[in-house]
Amino acid sequence: MTRVRVGAVQAEPAWLDLAAGIAKSVALIQEAGAKGINVLGFPEVWIPGYLCRPMLDRTMWTGSVVDNMELMHQYMANSLNRDSPEMDTIRQAVKEAGIFIVLGYSERDGGSLYMAQSFINPGGQIVHHRRKIKPTHVERSIWGEGQAESLQTVVDSPFGRIGGLNCWEHLQPLLRFYEYSQGVQIHVASWPAEFPEPKGLKWPFHETDVASRNASQFFAIEGQAFVLVCTQVVKRESLQKQNLVEGGIIQTPSGGFSMIFGPDGASLVEAPPAGEECILQADINLGDIDYAKAMIDTVGHYSRPDLLSLKVNTEAAKCVWTTGGNPSLHT
């Protein structure tokens with residue numbers, strides 16, 4: 001199948017509410033199915049929302065560990081377990097819609113959280129599951145790191161080879177290169193809400209909406225793949241409830257910067273308003289990838305493996321091993 005309809009979610013999460021997050025996810029999956037979308041991408045930690053959320057007057061980026069203690073307790077309670085009735089509900093919705101999704105969520109595994117992506121096929125099966133291999137900066141105080149199994153970022157589907165990365169994984173050149181080597185054709189770039197540079201604060205440009213979209217576009221150019229940029233939104237009314245419109249790092253309500261890029265980096269749709277909830281969609285032809293590949297194939301004719309190559313460790317580290325060499329239940 002070379003002609004595929006793809007969709008990128010730009011929407012506000014159901015902040016810190018697992019049940020509402022599942023319901024909203026199901027509604028978006030049903031909407032995508034009704035629109036004939038084949039491949040649908042969701043933002044990073046879509047469930048239960050990224051922790052710049054407008055639920056308290058502090059976030060993980062602006063409050064201390066002590067300030068955020070109760071927040072973290074609630075966040076853990078509303079994160080999603082991969083093997084759970086809640087996930088079963090999403091899987092069933094995917095099966096009924098007959099689509100393929102890459103779902104971003106905060107995964108609860110025992111007493112730990114991970115920034116996860118589950119790849120769910122049209123039969124409702126989780127055909128791959130990965131975790132962000134290096135949470136960014138203060139994220140590391142909340143979420144753990146993915147192990148070697150998370151280096152696989154691409155899977156086969158009826159709609160082509162589908163890949164996915166979270167947020168600043170797009171700034172890890174070796175990880176990007178390894179994904180290109182896996183033959184990605186449609187890539188889901190999952191992001192939280194990002195905002196323009198805040199007023200009156202020294203803030204790096206690479207932590208803005210424009211920079212994040214640029215990074216996603218460069219993935220398309222460098223990897224010759226279609227890229228679905230999927231982002232969260234923070235509504236004005238959500239910010240106003242906590243007086244965050246003119247304070248902290250969130251100065252502008254909205255935060256969305258979703259887009260769909262072609263394998264040469266061209267924009268395939270018109271950018272929606274930054275605060276609009278929508279599913280961007282585009283009809284693509286996977287055969288168009290060859291136009292870009294003929295010019296540059298990063299892991300093929302445009303590489304020099306005799307000079308530059310990548311070493312990859314595909315064996316996952318384990319906390320506990322039995323004497324027989326088999327991992328314990330705690331992996």
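Keep in mind the model is a prediction, meaning the values are calculated, not measured.
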Sub-4.5 Å side-chain heavy-atom contact between [X] and [Y]:
{"X": "P122", "Y": "P158", "answer": "yes"}
{"X": "L280", "Y": "V229", "answer": "no"}
{"X": "V9", "Y": "L228", "answer": "no"}
{"X": "I284", "Y": "D288", "answer": "no"}
{"X": "I260", "Y": "V227", "answer": "no"}
{"X": "V102", "Y": "L40", "answer": "no"}
{"X": "Q232", "Y": "W15", "answer": "yes"}
{"X": "E194", "Y": "T231", "answer": "no"}

Same apolar cluster (I L V M F W Y, side chains within < 4.5 Å links), [X]/[Y]:
{"X": "M115", "Y": "I90", "result": "no"}
{"X": "V39", "Y": "V154", "result": "yes"}
{"X": "I289", "Y": "I221", "result": "no"}
{"X": "I142", "Y": "L18", "result": "no"}
{"X": "V188", "Y": "F218", "result": "no"}

Does any N or O in the side chain of [X] come within less than 3.5 Å of the main-chain N or O of [Y], such that one atom is a donor and the other an acceptor?
{"X": "S267", "Y": "V269", "value": "no"}
{"X": "E107", "Y": "A116", "value": "no"}
{"X": "Q10", "Y": "S258", "value": "yes"}
{"X": "D290", "Y": "K293", "value": "no"}
{"X": "Q224", "Y": "I296", "value": "yes"}
{"X": "R213", "Y": "M259", "value": "no"}
{"X": "T298", "Y": "E222", "value": "yes"}
{"X": "S84", "Y": "M87", "value": "yes"}
{"X": "R108", "Y": "G110", "value": "yes"}
{"X": "D297", "Y": "Y302", "value": "no"}

Is the distance from the ring center of [X] to that of [Y] below 6.0 Å?
{"X": "W168", "Y": "H137", "value": "no"}
{"X": "Y50", "Y": "Y75", "value": "no"}
{"X": "H187", "Y": "F226", "value": "no"}

What closest approach, in Å, do [X] and [Y] show between heavy atoms, and which atom pair accounts for it?
{"X": "V233", "Y": "A274", "value": "CG2-O, 3.7 Å"}
{"X": "D17", "Y": "N78", "value": "CA-OD1, 3.6 Å"}
{"X": "D283", "Y": "R5", "value": "OD1-NE, 2.6 Å"}
{"X": "W191", "Y": "C167", "value": "CH2-O, 3.5 Å"}
{"X": "G265", "Y": "Q217", "value": "O-NE2, 2.8 Å"}
{"X": "A292", "Y": "P263", "value": "CB-O, 3.5 Å"}

[X] and [Y]: side chain donor to acceptor below 3.5 Å:
{"X": "W203", "Y": "T208", "answer": "no"}
{"X": "Q117", "Y": "S190", "answer": "yes"}
{"X": "E179", "Y": "T153", "answer": "yes"}

If you measure from [atom1] on [X] to [atom2] on [Y], what distance do you get to the nearest 0.5 Å?
{"X": "L165", "Y": "Q172", "atom1": "CG", "atom2": "CD", "result": "8.5 Å"}
{"X": "L28", "Y": "E277", "atom1": "CG", "atom2": "CD", "result": "8.0 Å"}
{"X": "H129", "Y": "I120", "atom1": "NE2", "atom2": "CD1", "result": "10.5 Å"}
{"X": "S112", "Y": "E145", "atom1": "OG", "atom2": "CD", "result": "11.5 Å"}
{"X": "S141", "Y": "M72", "atom1": "OG", "atom2": "CE", "result": "7.5 Å"}
{"X": "R91", "Y": "E86", "atom1": "CZ", "atom2": "CD", "result": "13.0 Å"}

**OP:** Go through the steps for V6 and I37 under the test side chain to side chain contact (heavy atoms under 4.5 Å, CB included), then give the verdict.
**Re:** CA-CA 6 Å; V6 296; I37 290 172; 5.7 Å; no
Subject >> Candidate pair S79 and Y105, rule side-chain hydrogen bond (donor to acceptor under 3.5 Å, both in side chains), full reasoning >> reply: CA-CA 7 Å; S79 291; Y105 59 101; over 6 Å; no
**OP:** Take L103 and W46, measure what side chain to side chain contact (heavy atoms under 4.5 Å, CB included) needs, and give me the verdict at the end.
**Re:** CA-CA 8 Å; L103 179 69; W46 161 252; 4.1 Å; yes
Any carboxylate oxygen within less than 4.0 angstrom of a Lys/Arg side-chain nitrogen, looking at [X] and [Y]?
{"X": "R130", "Y": "E149", "value": "no"}
{"X": "E44", "Y": "K132", "value": "yes"}
{"X": "E12", "Y": "K235", "value": "no"}

**OP:** Examine R131 relative to Y114 and say whether NZ or CZ is less than 6.0 Å from the centre of the six-membered ring and inside a 45° cone about the ring axis.
**Re:**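 Yes.
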Subject >> Step-by-step side chain to side chain contact (heavy atoms under 4.5 Å, CB included) determination, R82 to I126 >> reply: CA-CA 9 Å; R82 181 183 9 170; I126 298 178; 4.0 Å; yes
Subject >> Exceeds 12 heavy-atom contacts within 6.0 angstrom, atom CZ of R140 >> reply: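 Buried by this count: over 12 neighbours within 6.0 Å.
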Original post:
Quick check: are there more than 12 heavy atoms from other residues, nucleotides or ligands sitting under 6.0 Å from NE2 of H73?
Top reply: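 No.
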**OP:** Take V299 and F177 through the side chain to side chain contact (heavy atoms under 4.5 Å, CB included) test and state the conclusion after the steps.
**Re:** CA-CA 8 Å; V299 293; F177 186 84; 3.6 Å; yes
Original post:
Which residues pass the side chain to side chain contact (heavy atoms under 4.5 Å, CB included) test with E96, sequence neighbours left out?
Top reply: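 So E96 forms a side chain to side chain contact (heavy atoms under 4.5 Å, CB included) with Q92.
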**OP:** Go through the steps to decide whether K24 and E31 satisfy the test salt bridge (Lys or Arg N to Asp or Glu O under 4.0 Å), and finish with yes or no.
**Re:** CA-CA 10 Å; K24 189 162 188 176; E31 179 184 346; over 6 Å; no
Subject >> F219/Y180 under ring-ring contact (aromatic ring centres under 6.0 Å, His included): CA gap, chis, key distance, verdict >> reply: CA-CA 9 Å; F219 186 102; Y180 306 152; 5.1 Å; yes
